[in-house]
Visitor: 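The structure follows.
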Amino acid sequence: MQLRVAAAVTMLIAAHCAPAAMPLDVRGAPTLAPMLAQVTPAVVNISVVTRAPMEDNPLFRDPLFRRFFNIPDRPSRAEQSAGSGVIVDRARGYVLTNNHVIDNAQEVVVTLKDRRTLKAELVGTDPGTDIAVLKIDARDLAELKFGDSDAMNVGDFVVAIGNPFGIGQTVTSGIVSALGRTGLGIEGYEDFIQTDASINPGNSGGALVNLAGELVGINTAILGPSGSSVGIGFAVPSNMVRSVMAQIIRFGEVRRGRVGVVTQDMTHELAQSLAAKSAEGAVVVKVEPGSPAEQAGLRPRDIVTEVNGRPVRGSADLRNRMGLVPVGETVDLRVQRGARALPLRLRIGELHTMTEIPGEAVPQLAGVRVSNIEPGMPAYGEVQGAIVTRIEAGSPGAKTGLRPGDVLYAVNRRRVRSVAELLAALTKADRPMRILLLRGDSRLTLTIR
């Protein structure tokens, strides 16, 4: 009798604590099944075929050997990998996934839940946020509606859907563990939703949804000693994804521009010295002369508290938000300057180019020339590294995605502060090489295989 009473009390507590949006099954127990029946057909499996260099046999490096035996310059073999994706526009066939899922793909195949297999066209990618947009041509597609990731709170229930380990579509549930995670070194633009819903290899590009069945994030990364889930997973927020997707569809890429401001997070000490009303916001440290920031009226010691009416949590939050505004468009800022709150309007400027500087050739990046950062250059005094001055059209270096004005500051986690250090690091680096670079106000990672 006591056991039956305890069980009944447990069921009542579970039903009472269940979110109001969660329906009950025929036995009165909370269930996600009705919502998942609507959502899961929009989450797809993605298979990728790439061409990768064969094992580096010394004979293959000899051009006479290759010519004598009629061996192609770059012998390759087919490779396949699996990830996940989300259909967000069934009328036009747009599918979201991660950039790292389809990176270097020769062919991308999307498999729907009803087992239809479709070849996908790559619309564009944004390595800075690890988002890619694909397009498929099919009828009777499902789709996931975007939710408002800014409305999420720590403790909200979420569900992760994807294809972990390639075993087939899988659903896991959990809560939002944290919001606005940055500084993890995973991507160039970080504003992650952290969740304890299990995310494993193969979940990349899949959906993080709320209990209303709305897309609130694209699952991207995990932290764990074995490469599997230990309850710390990260998703790119849906509002960031939507902005990135809009630019990719419009331009084929995200056209980030120049602001010309250096900021830092607010601290307790800074808040006291600046007489700030709260510990949130981004403190302006330096304003580049002649930059869009200076033209807008920003000054050192200003505290940027809002962008387009939305609060700014800190320096990384400000950089993320400004990095999603296309060149030429304007943003409305709210700035605290002493006791005054000021409205400012800033127009995103074009990135500087350095093509008039000869530069020094980089053997490992054929067609690319770099220079030390000298006085008068836009990045002088802000960062140390080697700045790209020229890229020959059609060269291997041009195919990497580098642009004039990029500042290369690390190779395989080794810091470089000059052209000499960059060339030395590239000579010693094992492949694949990960080159960290600064592009305008964005920090990106370039992988050279």
Side-chain angles (χ1 to χ4, degrees), residues 128 182-183 188-191 254-354 357 372-385 387-388 403-407 409 417 437-444:
T182 62
Y189 284 84
E190 297 182 349
D191 186 26
V254 176
R255 294 186 174 178
R256 294 187 172 90
R258 173 170 164 258
V259 175
V261 66
V262 178
T263 62
Q264 71 174 75
D265 290 335
M266 180 72 75
T267 64
H268 180 70
E269 292 75 15
L270 269 175
Q272 286 185 325
S273 66
L274 297 174
K277 296 180 180 179
S278 75
E280 292 198 335
V283 182
V284 176
V285 177
K286 180 180 179 181
V287 178
E288 182 184 319
S291 67
E294 185 185 63
Q295 294 169 9
L298 278 171
R299 301 177 187 172
R301 296 177 64 85
D302 282 350
I303 306 169
V304 182
T305 58
E306 291 182 10
V307 174
N308 289 338
R310 290 170 50 200
V312 172
R313 294 189 299 269
S315 182
D317 186 29
L318 176 65
R319 186 173 68 90
N320 289 338
R321 304 261 282 281
M322 302 298 270
L324 294 176
V325 181
V327 174
E329 293 192 8
T330 59
V331 293
D332 292 318
L333 305 178
R334 193 77 175 174
V335 172
Q336 192 73 32
R337 181 177 296 164
R340 293 185 299 163
L342 304 174
L344 299 178
R345 175 161 286 192
L346 186 147
R347 183 178 183 273
I348 304 297
E350 299 251 358
L351 290 174
H352 283 292
T353 59
M354 308 299 298
I357 301 172
N372 291 322
I373 303 174
E374 306 292 348
M377 292 184 179
Y380 181 73
E382 296 182 12
V383 65
Q384 291 180 308
I387 190 166
V388 176
R403 301 177 187 173
D406 288 347
V407 177
Y409 65 90
R417 297 172 176 82
L437 63 96
L438 185 69
R439 177 175 296 165
D441 298 316
S442 312
R443 294 185 184 274
L444 307 175

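Note that the coordinates shown come from a computational prediction; the quantities given were computed from them, not determined experimentally. Excluded from the calculations below are hydrogen atoms, water molecules and symmetry mates; all remaining heavy atoms, backbone and side chain alike, are included.
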Visitor: May I have the step-by-step check of side chain to side chain contact (heavy atoms under 4.5 Å, CB included) for Leu298 and Val304, ending in yes or no?
Guide: CA-CA 9 Å; Leu298 278 171; Val304 182; 4.2 Å; yes
Visitor: Looking at Thr305 and Gly281, would you say the former's side chain and the latter's main chain have a donor-acceptor pair under 3.5 Å?
Guide: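 Side chain of Thr305 to backbone of Gly281: no pair is present.
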Visitor: Say you draw a straight line from CD1 of Ile348 to CZ of Arg255; how long is it, rounded to the nearest 0.5 Å?
Guide: 15.0 Å
Visitor: So, using side chain to side chain donor-acceptor pair (under 3.5 Å) as the criterion, who are the partners of Arg347 when residues are at least two apart?
Guide: none
Visitor: Asp332 versus Asn308: any side-chain heavy-atom pair under 4.5 Å?
Guide: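 Of all side-chain heavy-atom pairs linking Asn308 with Asp332, at least one is under 4.5 Å.
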Visitor: State, to 0.1 Å, how close Val407 and Gly385 come at their nearest heavy-atom pair, and which atoms those are.
Guide: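 Smallest interatomic distance, heavy atoms only, reads CG1-CA, 4.2 Å.
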Visitor: Pair Asp191, Arg321 - check salt bridge (charged side-chain N to carboxylate O under 4.0 Å, His left out), show working.
Guide: CA-CA 10 Å; Asp191 186 26; Arg321 304 261 282 281; over 6 Å; no
Visitor: Considering non-hydrogen atoms only, spot the tightest contact between Glu280 and Ile303 and give its length.
Guide: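 Residues Glu280 and Ile303, closest heavy atoms: O-CG2, 4.2 Å.
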Visitor: With a 4.5 Å heavy-atom cut-off, do Val307 and Leu333 have their side chains touching?
Guide: yes
Visitor: Any side chain to side chain donor-acceptor pair (under 3.5 Å) involving residues 290-303? Give me the pairs, sequence neighbours left out, ordered by first then second residue.
Guide: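 Residue pairs with at least one partner in residues 290-303: Asp302-Arg337.
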Visitor: What's the shortest heavy-atom distance between Pro292 and Val259, and which atoms?
Guide: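 In this case the closest contact between Pro292 and Val259 is CD-O, 3.5 Å.
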Visitor: Nearest heavy-atom pair of Arg403 and Asp406: which atoms, and what distance?
Guide: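 Nearest heavy atoms, Arg403 then Asp406: N-OD2, 2.8 Å.
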Visitor: Quick check for you: to the nearest 0.5 Å, what is the distance between Arg417 atom CZ and Asn372 atom CG?
Guide: 13.0 Å
Visitor: If you look at every heavy atom in Thr330 and Arg345, which pair is closest and at what distance?
Guide: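 Shortest heavy-atom separation between Thr330 and Arg345 comes out as CB-CG, 4.1 Å.
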Visitor: Nearest 0.5 angstrom please: Ile373 CD1 to Ile387 CD1, how far?
Guide: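 Interatomic distance, Ile373 CD1 to Ile387 CD1, rounded to 0.5 Å: 5.5 Å.
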Visitor: For residues Leu318 and Ala282, report the shortest heavy-atom separation together with the two atoms involved.
Guide: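 Of all heavy-atom pairs spanning Leu318 and Ala282, the closest is CD2-CB, 3.8 Å.
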Visitor: Do the non-hydrogen side-chain atoms of Ser315 and Asp265 ever get within less than 4.5 Å of each other?
Guide: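 Yes, at least one pair of side-chain atoms sits under 4.5 Å.
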Visitor: Got Met322 and Leu346 here, is their nearest side-chain heavy-atom distance under 4.5 Å?
Guide: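 Of all side-chain heavy-atom pairs linking Leu346 with Met322, at least one is under 4.5 Å.
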